[in-house]
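Scroll down for the structure; my scribbles are underneath it.
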Amino acid sequence: MELFTLIHVSRNEQSIHNNFVTSLKSQILLYLSCARQLAEGLKNQGVNLHVITNEEEYLRNLMPDYPFPIIQLQFKSVVPSGVKFFSAHFKLEVITYLASLDNEYVGLIDSDVVCVNDIPYSLRTAIDKRIPLYYDITSQVGPAYGLKNIIENKEKLLLERSLGLWAGGEFIAGPPSFFKKLDAEIASIREAYFANIQGFHHQGDEMITSIAIEKLKRTESILDAGALMIIGRFWSVKPKHYQNSINAYHNHFLLHLPSDKRFLVNNRTNSNGAFFREYKRYLIRKRVFRSIFSSMFPLIKYAIMKLSGPSEKKLALK
């Protein structure tokens with residue numbers, strides 16, 4: 001299995017999410033450092049991670065000793081300026097790229113993911129049987145946006161009834177033939193999505209891929225990687241949905257920590273036990289800190305942005 005993660009550089013957009021960094025250098029370094037720790041963990045499992053970007057030279061200059069593959073693509077999509085998750089939209093072109101490969105099994109993954117266990121039997125079976133996988137997070141986004149709202153938004157593009165299924169953008173995998181079908185479904189709604197983008201509850205790749213995957217699931221088997229304990233998502237800030245304790249993720253293969261990128265970079269461990277011990281200590285410290293200073297966060301972030309100054313343009317990453 002070959003995995004690919006996107007680090008898209010946009011010098012004129014700012015779509016920082018789940019981070020407390022603002023400058024070009026700090027953002028790109030954070031995402032690339034996350035990719036490095038993930039690549040190191042996956043390498044121990046015999047899985048290669050490739051970074052896909054639109055500015056390979058910038059990444060190489062920023063981290064000259066980055067030891068893993070970086071692929072530069074010429075992205076062609078025209079994404080409206082100012083939209084949320086600006087750079088995440090270019091994942092759609094990564095899907096097109098994966099559809100063109102001749103590997104037996106490939107996947108798209110976010111960089112702020114950590115490998116906490118050996119590859120499970122379920123994933124090995126999916127690879128051997130060429131079974132596509134996605135991560136169903138409907139139960140997570142439903143309480144946040146309202147399932148009725150999600151269905152209404154999806155049906156604007158689906159043009160038929162929707163179940164409200166929502167696929168997380170952090171993990172999609174399968175043979176290139178699956179990505180070819182996924183790419184075709186995406187192409188059929190891409191233009192309508194961008195033409196009406198301001199009217200949707202969510203702006204980003206997940207809106208489009210969720211519709212495409214829901215349509216494909218009606219005719220073929222695409223399994224939920226979350227139910228198979230291949231990947232899980234955990235928020236260290238209080239989410240709007242019910243969330244299990246961190247103990248529920250001890251046996252997962254991959255763990256997505258979207259609000260803890262800095263922790264991932266600063267805490268590289270080689271064992272499951274050591275990782276969770278350190279992470280639980282970090283959770284306690286973070287919760288105490290937030291309980292004391294949370295009301296000051298908007299002011300602190302504004303001050304950081306001012307101090308970063310006009311000399312560094314802002315960067316959009318996902």
Side-chain angles (χ1 to χ4, degrees), residues 1-9 31-32 34-35 38-39 42-43 45-56 59 68-77 79 85 87-113 115 119 123-124 126-137 167-190 193 204-217 219-226 228 230-231 253-254 256 317-318:
M1 179 172 64
E2 302 287 313
L3 293 179
F4 299 80
T5 190
L6 172 66
I7 300 181
H8 179 270
V9 180
Y31 278 83
L32 190 57
C34 283
L38 176 58
L42 290 171
K43 183 180 179 180
Q45 299 300 315
V47 178
N48 295 317
L49 178 70
H50 308 258
V51 167
I52 292 183
T53 184
N54 58 327
E55 290 204 26
E56 179 183 358
L59 270 63
F68 302 104
I70 298 178
I71 300 168
Q72 178 160 323
L73 292 185
Q74 300 300 320
F75 294 98
K76 301 175 182 178
S77 295
V79 180
F85 296 104
S87 289
H89 289 87
F90 294 95
K91 284 185 180 180
L92 303 177
E93 290 194 56
V94 177
I95 288 173
T96 303
Y97 173 75
L98 298 184
S100 71
L101 300 178
D102 57 5
N103 303 78
E104 293 185 352
Y105 203 89
V106 296
L108 176 60
I109 190 170
D110 280 355
S111 63
D112 51 352
V113 171
C115 183
I119 294 181
L123 179 54
R124 293 191 183 279
I127 295 171
D128 291 342
K129 300 290 186 180
R130 311 291 187 267
I131 300 172
L133 299 168
Y134 78 108
Y135 182 27
D136 191 327
I137 60 167
E170 60 262 66
F171 186 81
I172 303 174
S177 58
F178 161 70
F179 281 96
K180 187 173 182 179
K181 296 176 184 176
L182 185 63
D183 186 47
E185 293 292 349
I186 289 171
S188 70
I189 60 173
R190 187 197 304 260
Y193 166 77
D205 61 298
E206 290 185 359
M207 180 69 178
I208 302 180
T209 55
S210 293
I211 292 173
I213 288 174
E214 181 173 344
K215 289 183 69 177
L216 288 175
K217 279 177 63 67
T219 58
E220 61 183 271
S221 176
I222 308 173
L223 301 185
D224 176 16
L228 297 173
I230 294 169
I231 190 167
F253 172 47
L254 301 166
H256 184 205
L317 285 175
K318 183 72 175 88

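In what follows, residues are counted from 1 in the order of the sequence shown.
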Side-chain donor/acceptor of [X] to backbone N/O of [Y], under 3.5 Å:
| X | Y | value |
| --- | --- | --- |
| Asp205 | Leu92 | no |
| Thr53 | Ile7 | yes |
| Ser210 | Met207 | no |
| Thr5 | Ser111 | yes |
| Tyr31 | Asp112 | no |

(request) Would you check, one step at a time, whether the test ring pair (Phe, Tyr, Trp, His ring centres under 6.0 Å) holds for Tyr97 with His50? (result) CA-CA 12 Å; Tyr97 173 75; His50 308 258; 8.9 Å; no
(request) Mark yes when over 12 heavy atoms from residues, nucleotides or ligands other than Lys217 sit less than 6.0 Å from its NZ; otherwise mark no. (result) yes
Return the minimal non-hydrogen interatomic distance between [X] and [Y], and the atom names on each side.
| X | Y | result |
| --- | --- | --- |
| Gly226 | Asp224 | N-OD1, 2.9 Å |
| Glu206 | Ala167 | CG-O, 3.6 Å |
| Glu220 | Pro132 | OE1-CG, 4.4 Å |
| Ala126 | Leu133 | CB-CD1, 3.9 Å |

Side-chain heavy-atom pair [X], [Y] within 4.5 angstrom cut-off:
| X | Y | answer |
| --- | --- | --- |
| Val9 | Leu59 | yes |
| Phe68 | Leu49 | no |
| Leu42 | Asn48 | no |
| Leu38 | Leu3 | no |
| Phe179 | Pro176 | no |
| Phe178 | Ile172 | yes |
| Ile71 | Phe4 | yes |

(message) Could you walk me through whether Leu123 and Met1 satisfy the side-chain contact (heavy atoms from CB on, under 4.5 Å) test, starting with their C-alpha distance in whole Å, then the side-chain angles of each, then the deciding distance to 0.1 Å, before giving a yes or no?
(response) CA-CA 10 Å; Leu123 179 54; Met1 179 172 64; 3.9 Å; yes
(message) Students often mix this up, so state it plainly: with edges at 30° and 60°, are the rings of Phe90 and Phe75 parallel, tilted or perpendicular?
(response) perpendicular
Can you tell me how far apart [atom1] ([X]) and [atom2] ([Y]) are? Round to the nearest 0.5 Å.
| X | Y | atom1 | atom2 | answer |
| --- | --- | --- | --- | --- |
| Ile189 | Ile211 | CD1 | CD1 | 4.0 Å |
| Asp183 | Ser188 | CG | OG | 10.0 Å |
| His8 | Ser77 | NE2 | OG | 8.5 Å |
| Ile222 | Leu216 | CD1 | CG | 4.5 Å |
| Tyr135 | Ile230 | OH | CD1 | 11.5 Å |
| Leu73 | Glu56 | CG | CD | 10.5 Å |

(message) Closer than 4.0 angstrom, basic N to acidic O: yes or no for Asp110 and Lys91?
(response) yes
(request) Start with the C-alpha gap between Gln45 and Phe253, add the side-chain angles, then the distance that decides, and say whether side-chain contact (heavy atoms from CB on, under 4.5 Å) holds. (result) CA-CA 10 Å; Gln45 299 300 315; Phe253 172 47; 4.0 Å; yes
(request) With sequence neighbours excluded, tell me which residues meet salt bridge (charged side-chain N to carboxylate O under 4.0 Å, His left out) with Glu93. (result) none
(request) Please list, chain by chain and in numerical order, all residues satisfying salt bridge (charged side-chain N to carboxylate O under 4.0 Å, His left out) with Arg130, sequence neighbours excluded. (result) Glu104
